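Everything quoted here is computed from the prediction, not taken from an experiment.
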Amino acid sequence: MASILQKLLRLFSSLLFHLIPLLVFSVHVLSSASPPAVQTEVAEADSLLRWKASLDNQSQYFLSSWNTTAGRPCNWFGIHCNEAGSVSNISLTDSGLEGTLQSFSFPSFPNLVKLNLSNNSFHGNIPSHIGNLSKLKILDFSVNEISGSIPQEIGMLNSLTYIDLSDNFLTGTIPASIGNLTALPILYIQRNQLSGFLPQELGMLKFVTEIFFSENSLTGIIPISIGNLTNLWALYLDSNQLSGSIPQEIGMLRSLTELALSHNNLTGPIPTSIGNLTTLSYLYLTDNQLSNSLPREIGKLTKLTRLFLEMNDLSGTLPLEMNNFTLLEVFIIYSNRFTGQLPQDICIGGGLKSFAIHENDFTGPIPRSLRNCSRLLRLHLEANQLTGNISEDFGRYPQLNFMDLSDNKFYGELSWKWEGFGNLSTLKILNNNISGTIPADIGMAAQLHLLDLSSNHLEGKIPKELGKLTLFVLSLDDNELSGGIPEEIGLLSDLERLNLAANNLSGAIPKQLGDCSKLLLLNLSKNKLAESIPLELGNLRSLESLDLSQNLLIAEIPPQLGELQRLETLNLSHNLLSGSIPTTFDDYLSSLTVVNISYNDLQGPIPHNKAFQQAPFEALQNNRGLCGNNTRLKACASVAIDKTIRKRGSKLVAVIVIPTVCSLFLFIVLVGGFFLLRQRIRNRKAKSEEGPSGEDIYAMWGRDKDMQYENIVKATEEFNPKYCIGEGAYGIIYKAVLPTGRVVAVKKLHQSPNGEMTDFKAFKSDICALINIRHRNIVKLHGFCSHPKLSFLVYEFIERGSLRNILSNEEQAVELAWFRRLNVVKGIANALTYMHHDCSPSIIHRDISSNNVLLDSEFEAHVSDFGTARILMPDSSNWTSLAGTFGYSAPELAYTMIVNEKYDVYSFGVVTLEILMGRHPGDFISSLSQMDQYTLLKDVIDQRLPTPQNKAAEGVIHIAQLALACLSANPQSRPTMKQVSSSLINKWHPLTKPFSEVNLGEIFFFQGGVSS
């Protein structure tokens, strides 16, 4: 009874604490205002304070001025009042607020005109009583975490002129009541999870000028009532699941300047009425199922600057009326079935920057106007049947970054003025009829990173001037090149792929190739290379594929090749190699899967690794005398005891051999007894933790009862390779469809050499913690199973796969547009913030890389692979073995083995740069301090995407600043992930100059940390 009285007393005291200031405030107001105004002010103040009290604790800091001692609410932060003293404007954007709207009393604000809560962390749904704000004109809840459906009552706000609910988690349909908002000009609901049909009532919004419904899951057809929106100038319905045809009524939108219907399931032809949109500047129809030929009426769109028709089923010839596009800047029509010749004056205006017509069936010459397009940035002509003289039909392109002319019928020589290609990064002309030599002055194209001239008729020597470039890829295979491989190729320290196969190259393989330490692929096959394999090739520790076949190489295989631990494919066939295969191949080539050493003069035992023991006969045939554990080879004979040793007499045998044998026998007995005893103890322990199959299985699952051991094994057919979807450093990943139809990813862990798990008890504790993790940006771990022969982890299945694979695939990388990339960065940051700051004890991932970030069907990021994660106990010294992925590890691991949260922060910085650049930043990180700080940011970011504009540009600059702060060499100078996440929640800072003029020096200015 006493405790109850104490609680009541504390409650009474608390009420007095809050009520007395309010009463004082009320008296103050009563003495200075008329009765109706007094009642309104008191009600508004009381409602605001009650709402503030419902918000999370950290929100109290931002709203510290909200108290009665500060006077009337009109003086409070983010609150503005009308002349009568009633609250008319609540603007709390970018205020770090967390909480819900459930305690916000909308009826208490009858005079509210503007409500802006954007860029905070509000969650929960939008209350239906928002309909009481009858005078509301501006409603902005964008960039929060609001869920649930849009209430029908929003249609009661018929004074609205601006709605922005974008970048939330709203579900359900767009309410039909939205048609009541007949005065509304601006409607933004993009990047949510809305579904269902577009309501016919949209056609009632007769004053609307902008509709943005992009990146939802809307279905059904585009309603014909859309034609009523005659004031509309921007219509964005892209990235949904809309079907049916584009209605003819679209042509009634004569004020339209931007039309985006990309990434839907639209079918049928492009309507002829589109020619009525004579003010149209942007037309986005990408990635649908549109068919038939383009209507001639499209030529009436003379103000068009951007045209995107790629990835459809359009056919026929391009209308000659397209020559009217004098303002055109972007012309993207690839992956269709267009035929015939290209309009010759498509670049007559001289403003064309991007021209992509690849993967069609165009014939004839390139447009003559293309020769004078000096502003070109990207040129995609590949995979057509275009003809022409390459040395005469192309002009000088000082701004050109990407050029692909592959798989056409171009001829002529590479007699360009290469000083006019100062920005060219990628040049691909493979599979044409190019002849002549590779000009030495190609070395003047200083920015060239990828050069592919394969499958042509080039002759002469490989110019040594290529060594001046910073090439990542060099492919000159399938030509008629002769002479030796220049030593200067070894200067290409960033080279990742070198293919010189199928030429007439001779001489020795230069040992300087061993300096190309980043090489992943080296193919010198089908040449006339002689002498021995240089041992320096053993320095290529990143090499995954080595092909030296069909040459004239002699002598023995250097043992240094056995140190190529990442090598997966090795082909040394059809040479003159002799001797035995080095024993180093037994020790290190654990990644090797494909091998071919046929047609040499090799002898002796083959290595004991899987690639050799399972190699087909064709991969080993025609050697002198190979033997070993392969069904296609003879077993190696046992080594006989030398006869001379046996003749040394029985006394030596008695003195040396017999005691040795006896000692060995005694040792075996003792060790055998020890292991037998330990096995019995282990068996007893395993029986106490017997798993679902009744064997020696230890299993731990979450709440998912359908994930039994037997179901996993059955679904993968005992881990049949046909279900394999990937392989990491810690195991092989399989896709499994459970009996319930549920799809999961199963990671079968590599066993340790002794088949045991070190510190199983600690690992078991880690698994317990990880199973209980609940976060939208972390791949859910469903369970774990351990068995003496088999251990595996079961994760949720993420559809699109790894970020690394998406960035390395050009088509998918383009689909991962700037806003999606910014969202991926935000997702990774949210996941790490949760692990570092919200889990108790904290979790450090220790292997954040683009391979361990998975993207779902909506391009949402999910952090995966906790194979190296450790639970950090408070006050413990967190010593660890060297872990993580090469290229993502923090520099402090070189001098300390202590890992804390700042290790993950560094890796996050690397991945963020990789997302911006479209590839691993490599030496870009280490060279930052020496780099010219006036290097433009636009030249560093992924050139496969259009230059970011407006908000996207601001976002790119912002996350570039964050990435560089995270990459500080001093761990203490790096921000925490909580600081990073907080910074990402806020809106980007407005640009003070065009994005194209922002340089790295300005980014460096912010490289010192992030304020919380």
I need the [X] [atom1] to [Y] [atom2] distance, nearest 0.5 Å.
| X | Y | atom1 | atom2 | answer |
| --- | --- | --- | --- | --- |
| Asn132 | Leu157 | CG | CG | 9.0 Å |
| Ser864 | Ile848 | OG | CD1 | 9.5 Å |
| Asn823 | Arg820 | CG | CZ | 10.0 Å |
| Leu48 | Ile79 | CG | CD1 | 5.0 Å |
| Glu44 | Ser88 | CD | OG | 9.0 Å |
| Asn89 | His80 | CG | NE2 | 5.0 Å |

Among Glu860, Lys826, His862, which residue satisfies the side-chain hydrogen bond (donor to acceptor under 3.5 Å, both in side chains) criterion with Asn777? Glu860

Passes side-chain contact (heavy atoms from CB on, under 4.5 Å), Glu145 versus Arg776? Steps please. CA-CA 12 Å; Glu145 299 172 9; Arg776 64 193 300 263; over 6 Å; no

Minimal non-hydrogen separation, [X] against [Y], with atom names:
| X | Y | answer |
| --- | --- | --- |
| Leu916 | Trp818 | O-CH2, 3.6 Å |
| Pro127 | Phe106 | CG-CE1, 3.8 Å |
| Asn216 | Gln193 | OD1-N, 3.3 Å |
| Phe859 | Val824 | O-CG2, 3.6 Å |
| Ile915 | Leu807 | CA-CD1, 4.3 Å |
| Thr173 | Gly196 | CG2-CA, 4.0 Å |

Whether the [X] and [Y] side chains hold a donor-acceptor pair (N or O, under 3.5 Å, no angle test) is what I'd like checked.
| X | Y | answer |
| --- | --- | --- |
| Glu153 | Ser128 | no |
| Asn830 | His775 | no |
| Asn192 | Asn168 | no |
| His263 | Ser214 | no |
| Asn970 | Ser968 | no |
| Asn805 | Ser802 | yes |
| Asn851 | Ser849 | no |
| Thr976 | Glu901 | no |
| Thr93 | Ser118 | yes |

Do the non-hydrogen side-chain atoms of [X] and [Y] ever get within less than 4.5 Å of each other?
| X | Y | answer |
| --- | --- | --- |
| Leu242 | Leu198 | yes |
| Lys137 | Lys114 | no |
| Leu112 | Lys135 | no |
| Leu187 | Leu181 | no |
| Phe122 | Leu55 | yes |
| Ile174 | Leu218 | yes |
| Pro921 | Val910 | yes |

Expected output: side-chain [X] to main-chain [Y] donor-acceptor under 3.5 Å:
| X | Y | result |
| --- | --- | --- |
| Arg974 | Lys902 | yes |
| Ser177 | Gln152 | yes |
| Thr833 | Met977 | yes |
| Ser982 | Val980 | no |
| Asn125 | Ser147 | no |
| Glu98 | Asp56 | no |
| Ser262 | Asp238 | no |
| Thr209 | Pro185 | yes |
| Ser981 | Lys978 | no |
| Asp167 | Ser142 | no |

For Glu858, enumerate each residue passing the side chain to side chain donor-acceptor pair (under 3.5 Å) test, keeping only those at least two apart in sequence or located in another chain. none

Check against side-chain contact (heavy atoms from CB on, under 4.5 Å), Asp46 and Arg50: CA-CA 6 Å; Asp46 181 50; Arg50 278 191 284 107; 3.1 Å; yes

From the options Phe212, Phe141, Tyr236, select the one residue that forms a ring pair (Phe, Tyr, Trp, His ring centres under 6.0 Å) with Tyr188. Phe212

Please report the C-alpha distance between Thr912 and Ile828 in whole Å, then the side-chain angles of each, then the deciding distance to 0.1 Å, and finally whether the side-chain contact (heavy atoms from CB on, under 4.5 Å) criterion is met. CA-CA 9 Å; Thr912 301; Ile828 302 169; over 6 Å; no

Check the pair Asp942, Leu816 against side-chain contact (heavy atoms from CB on, under 4.5 Å), reporting the backbone distance first and the verdict last. CA-CA 11 Å; Asp942 196 342; Leu816 191 63; over 6 Å; no

Testing Val911, Leu854, Asn852 one by one against Leu803 for a side-chain contact (heavy atoms from CB on, under 4.5 Å), which residue passes? Val911

